[in-house]
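Just below is one structure, and these are the notes that go with it.
Side chains included, hydrogens not; waters and symmetry mates left out as well; all remaining heavy atoms used.
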Amino acid sequence: MIPKTLKGRLTAAVTALVAAACMLVTAVALEVAYREMKESTGRQQYALLTSAAAHLAFELDAKRTLLRTLAEEMAQQPANGGARIQDMLAHHPGLRQAFADLVVLDTAGRIAGLQQPGYFLRSQLADSSCLRETVQTGAALTLQPPAGTANGRAVVVLTQPVVDGHGRTVLVLCGGTSLEDSSFFSQAARLRPGATGYLFALTRSGTLLYHPDRGRHALKAGDEAPLPAMARAAMQGWDGWTFGKDAQGTPSLLTYKQVGSSGWVLASAFPADEALAGISRARHHAWTWAAILAVCAGVVGWATMVVLLRPLRALRRHVHAVEREEADIGVLELERDDEIGALGRAFHSLSVKRQIAEQQLKELSLTDTLTGLGNRRQFDHEVALLIEQAARYRYGLAVAFLDVDCFKSINDTYGHAAGDAVLKEFARRLRTVTRPTDRSYRLAGDEFVIVSERLESGENARRFAAKILRAIRRPFDIGGGISLPVTTSIGVAVARFPVAPVGDLLQHADAALYQTKRSGRDGYTIKELGMPAFAAAPARRAGLRTVGQ
């Protein structure tokens with residue numbers, strides 16, 4: 001739901017932006033940390049496995065060195081049958097610790113010496129392939145244990161030829177080691193990854209040499225479940241680490257390392273849940289703190305919006321007060337240099353323009369657009385006030401009703417444009433002869449009304465009317481080189497205190513006007529309320545004529 005107020009929308013926007021920024025930064029940081037964690041853990045496991053593989057290679061090299069030393073001693077001693085060989089085996093230091101079984105064969109495959117108990121090699125030596133290969137190559141060999149043999153025990157056989165002074169192989173030493181009973185993988189086992197991870201070793205042919213489940217020793221890897229792709233690559237000589245699934249389908253960090261030149265592969269499986277447990281906890285904490293930060297940012301954003309929008313709320317209150325006419329536009333803060341001040345100045349400008357427009361509309365509604373005099377609406381409004389004011393201050397006033405003589409003939413003869421020019425000039429001349437306190441109106445057509453305050457005597461009214469007649473009798477220039485004689489007829493109603501109602505004054509002034517027209521126009525009639533009317537004879541001047549006569 002979208003908030004209705006600007007403050008609510010800004011707060012929601014700030015909160016959403018901060019929350020999105022927090023989530024984005026958190027996601028990016030966690031992804032970087034996750035990748036770094038995987039890389040670091042992989043490198044660490046590979047380093048540990050490299051150390052264990054180096055230890056295994058060292059153990060194999062030590063056993064080969066021991067066999068080579070024994071072979072050199074046998075080659076230097078004169079052949080003296082099996083008793084001599086057996087005696088050398090019995091008294092040679094380190095043989096029992098290095099080999100669980102040691103057999104000396106002649107080139108025909110007969111046993112020339114035997115280290116007791118010799119229970120590992122007897123069944124394997126029935127196959128004389130180790131003897132033939134060693135005699136043919138004349139070199140020491142490391143024979144991988146056949147899969148599924150020796151009661152499931154993983155036995156490694158090391159051979160060493162005994163060469164006489166002529167370079168012929170006369171004897172072959174065969175040393176057997178059980179990977180279960182020896183200390184071969186003791187150090188490697190101590191380096192297993194985590195609490196649930198494990199190490200295992202296999203040959204490049206796929207026979208398991210070592211596994212936490214001893215029942216799987218000497219089994220062919222991949223018989224129970226397909227080997228991971230990286231395990232197959234390691235059997236072909238690849239070293240490294242990767243995240244994948246082990247033989248049981250558990251997501252794990254899988255690490256592989258070649259053990260020297262033995263043809264063995266030492267490997268470890270580190271379940272990903274444990275390997276990446278630290279980053280998983282960090283993710284949980286990071287998302288929790290990101291959510292808390294987003295909430296705090298929302299609260300801080302709301303408080304900030306409250307403070308920052310306080311001037312805007314004040315501006316709104318002031319605008320409403322001005323709108324309800326409870327305050328003047330001066331309450332607006334116009335001196336501010338920020339957006340609030342700009343809004344205040346803009347509203348102030350609009351308010352001033354509105355007042356000017358309202359005043360103009362008011363003037364247009366009360367003013368005759370052609371002549372600029374007051375219209376009938378203004379007359380009705382102001383005359384009532386003038387009569388009320390005259391009654392309050394106990395003075396009289398006069399109302400003069402005028403029209404343009406033969407105005408219809410002017411329109412018909414010269415056109416409406418000429419008629420409008422006559423009306424505008426007529427109004428201008430009225431303004432020049434009236435007092436500042438007098439008010440002039442155009443009621444309709446060529447009918448005009450003048451309201452004069454404190455004009456209480458008939459004599460003053462006659463002078464006033466005569467002054468208007470003289471001003472109007474001057475020829476009117478209506479354009480086109482035409483100078484038009486214009487006259488007016490005037491009817492004046494003079495009222496002393498108490499002043500009669502507006503309708504009565506207009507009625508008497510209108511009656512006086514018509515009396516003037518019946519008397520020949522271009523004159524005036526004064527009617528003092530409560531006294532007989534006085535009519536002035538129309539004036540005639542040489543060279544002037546009245547249109548329509």
Side-chain angles (χ1 to χ4, degrees), residues 29-65 142 144 154 156 177 179-180 182-214 216-217 221-222 227-283 285-286:
L30 287 176
E31 182 62 24
V32 173
Y34 179 72
R35 293 177 181 272
E36 290 294 329
M37 184 71 175
K38 287 176 64 176
E39 187 73 22
S40 175
T41 304
R43 288 196 299 266
Q44 181 184 23
Q45 290 304 312
Y46 184 74
L48 293 175
L49 204 64
T50 299
S51 176
H55 170 73
L56 292 179
F58 175 78
E59 289 289 331
L60 286 175
D61 289 343
K63 294 179 186 298
R64 291 194 186 99
T65 301
T142 301
Q144 310 298 344
V156 175
T177 299
L179 300 181
E180 298 178 7
S182 72
S183 61
F184 243 43
F185 292 99
S186 59
Q187 180 175 348
R190 289 194 295 270
L191 295 177
R192 73 172 188 170
T196 58
Y198 59 93
L199 272 75
F200 62 97
L202 68 159
T203 66
R204 289 188 177 179
S205 61
T207 301
L208 283 172
L209 299 176
Y210 174 78
H211 195 277
D213 181 6
R214 292 194 174 191
R216 301 182 64 186
H217 285 178
L227 283 174
M230 292 300 101
R232 294 193 297 271
M235 290 166 58
Q236 297 175 3
W238 176 78
D239 282 346
W241 61 271
T242 185
F243 277 88
K245 292 184 178 180
D246 63 5
Q248 288 73 40
T250 303
S252 304
L253 169 61
L254 303 175
T255 312
Y256 300 90
K257 179 63 182 176
Q258 304 295 320
V259 182
S261 59
S262 64
W264 296 358
V265 179
L266 185 62
S268 69
F270 194 0
D273 290 344
E274 183 180 359
L276 303 176
I279 192 63
S280 298
R281 289 192 297 270
R283 275 182 168 179
H285 293 312

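Residues passing the side-chain hydrogen bond (donor to acceptor under 3.5 Å, both in side chains) test with T65, sequence neighbours excluded: R68. Remark: E31 pairs with R35 by the salt bridge (charged side-chain N to carboxylate O under 4.0 Å, His left out) rule, at least two apart or across chains. A search for salt bridge (charged side-chain N to carboxylate O under 4.0 Å, His left out) contacts involving D273 returns nothing, not counting sequence neighbours.
Summarising the geometry of L199 relative to P193, their closest heavy-atom pair is CD1-CD, 3.4 Å, with the distance given to 0.1 Å. Shown here for L266 and A53, the closest heavy-atom pair between the two residues is CD2-N, 3.5 Å. Here the shortest heavy-atom pairing between M37 and L276 reads CG-CD2, 3.9 Å. Between L254 and G244, the closest heavy-atom pair is CD1-C, 4.3 Å. The shortest heavy-atom contact between A267 and L49 is CA-CD2, 3.8 Å. In terms of heavy atoms, V259 sits closest to A57 at CG1-N, 3.7 Å.
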*Would W241 and T41 count as a side chain to side chain contact (heavy atoms under 4.5 Å, CB included) if you check the C-alpha gap in whole Å, the side-chain angles of each, and the deciding distance to 0.1 Å?*
CA-CA 10 Å; W241 61 271; T41 304; over 6 Å; no
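Expressed to the nearest 0.5 Å, how far OH of Y34 lies from CD of E39 amounts to 12.5 Å. Atom-to-atom distance recorded for M235:CE and Q258:CD is 10.5 Å, nearest 0.5 angstrom.
Between Y256 and W238, the two ring planes are tilted [angle within 30° to 60°].
Side-chain contact check for Q45 and T255: no donor-acceptor pair (N or O, by modelled atom type) lies under 3.5 Å.
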